[in-house]
Amino acid sequence: MHRRKFLKNSALSSAAVLGTAPLISCAERTKTESGTSTTNSPVVICTWDFGNATEKAWSVLSEGGNALDAAELGVMVEEADPSNQTVGLGGRPDRDGVVTLDACIMDSKSNCGAVMGLEGYVHPVSVARKVMEKTPHVILVGDGAAQFAREQGFPQTNLLTERSEKEWIEWKKTAEYTPIINIENHDTIGMLTLDVNGDLAGACTTSGMAYKLRGRVGDSPVIGAGLYVDPEIGAATATGMGEEVIRTVGSFLIVELMRQGKSPEEACREGVHRILKKNAGKTDFQIGFIALNKNGETGGYCIHPSFSYRQYDAQGHRNTPVNSYLKS
Ligand code: SD4
């Protein structure tokens with residue numbers, strides 16, 4: 001049923017691209033036996049060019065699956081990939097050599113869950129979802145989060161790969177803390193999804209800044225900073241220097257800017273400008289925001305060039321470089 005409606009919408013969208021029908025928004029009013037309902041053409045976007053993760057989420061959405069499942073299953077692909085050293089298994093450790101993971105998830109009813117500083121579990125996003133669904137809480141941290149993960153039956157795993165350990169040992173020779181401005185195509189994954197029912201969801205997961213102080217938590221698992229979803233407006237997520245995103249409650253800000261009528265790109269640009277204003281000319285860090293509104297429109301903005309987002313929708317898939325404040 002969902003799939004049929006989605007395919008119908010896809011056909012409408014294609015007709016619009018070809019100039020045979022006006023494409024006003026992704027939402028279509030459809031007559032059903034019980035009245036009128038809104039159906040949508042699904043969309044998924046994620047920070048950077050995480051093709052496999054986005055494809056996974058799209059496989060859920062294009063079959064009529066829900067936005068929350070799509071976001072969780074999508075980012076799990078990166079969590080399980082040891083070659084990505086900024087998320088999940090194989091993530092770079094803190095300065096004490098321990099991989100600690102942060103993640104959050106949010107649905108279109110404003111339910112949310114998060115784990116911070118989780119050690120020994122490959123899928124913090126799934127633990128975050130259990131926090132959301134099985135507890136009266138939103139956030140669990142450190143040992144408490146690990147205890148909860150164990151109790152929920154998640155398997156324990158050593159997350160420190162040989163490669164990440166070798167690099168950490170090398171780093172210790174100087175122990176200089178210099179976050180890399182851009183890690184092209186390999187960075188924190190924030191994913192935003194819109195399903196056939198018009199429901200939005202999002203997930204964000206990371207190992208955080210490499211060689212961070214033990215106990216440091218960035219923006220990624222902080223609802224409103226690294227991720228925010230508002231059922232009436234849209235959703236936003238962030239990557240980059242978490243401290244700066246937290247100071248502006250970045251993703252919440254972007255959703256509120258969309259509420260005021262800004263397009264996703266305009267809202268992301270304003271969010272980046274707010275951060276820059278607070279830093280009075282300092283630009284030696286990266287911030288990248290992406291956003292998806294209720295109509296399926298997407299956009300992003302960043303400080304340094306080379307940030308992009310991958311998108312899957314009824315028109316296919318593409319990697320979209322986003323405009324940046326600095327041009328080189
Ligand atoms: C953090 N925002 O922990 C994350 C990390 C990140 O580019 O996105 N790095 O601050």
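Every value quoted in this text rests on a predicted model; they were computed, and no experiment measured them. Counting starts at 1 for both ligands and their atoms, following the listed order.
- Residue-to-ligand polar distances keep Thr206 apart from ligand 1: every N/O pair is separated by 3.5 Å or more.
- Heavy-atom proximity to atom 6 (C) of ligand 1, evaluated over Val87, Thr188, Thr205, is greatest for Thr188.
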Checklist line | Stepwise ring-ring contact (aromatic ring centres under 6.0 Å, His included) test for His123 and Phe154 | finding: CA-CA 8 Å; His123 292 300; Phe154 289 97; 8.1 Å; no

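- At a heavy-atom cutoff of 4.0 Å, ligand 1 is contacted by both the backbone and the side chain of Thr239.
- For ligand 1, the polar-atom distance check against Gly218 finds no nitrogen or oxygen pair separated by under 3.5 Å.
- Near Ser220, with a cut-off below 4.0 Å to any heavy atom, the atoms of ligand 1 are 2 (N), 4 (C).
- With a 4.0 Å cut-off on non-hydrogen atoms, Glu244 does not touch ligand 1 at all.
- The shortest heavy-atom contact between Val217 and Pro221 is CG1-CG, 3.6 Å.
- Of all atoms in ligand 1, listed by their number and element, those nearer than 4.0 Å to a heavy atom of Gly208 are 3 (O).
- The backbone N or O of Ser263 lies less than 3.5 Å from a partner atom in the side chain of Glu266, making a donor-acceptor pair.
- For the pair Phe289 and Val245, the tightest heavy-atom approach, listed with the atom from each and the gap, is CE2-CG1, 4.1 Å.
- At a 4.0 Å cut-off, not a single heavy atom of Lys212 sits close enough to ligand 1 to count as contact.
- Using a cutoff of 4.0 Å between basic side-chain nitrogens and carboxylate oxygens, Asp230 and Arg259 are scored as salt-bridged.
- The aromatic rings of His317 and Tyr312 sit parallel to each other, their planes meeting at less than 30°, with 60° as the upper class boundary.
- Which parts of ligand 1 touch Asp219 is read off a 4.0 Å heavy-atom cut-off, strictly below it: atoms 1 (C), 2 (N), 4 (C), 10 (O).
- For the residue pair Thr86 and Arg92, the shortest heavy atom distance occurs at CG2-NH1, 4.0 Å.
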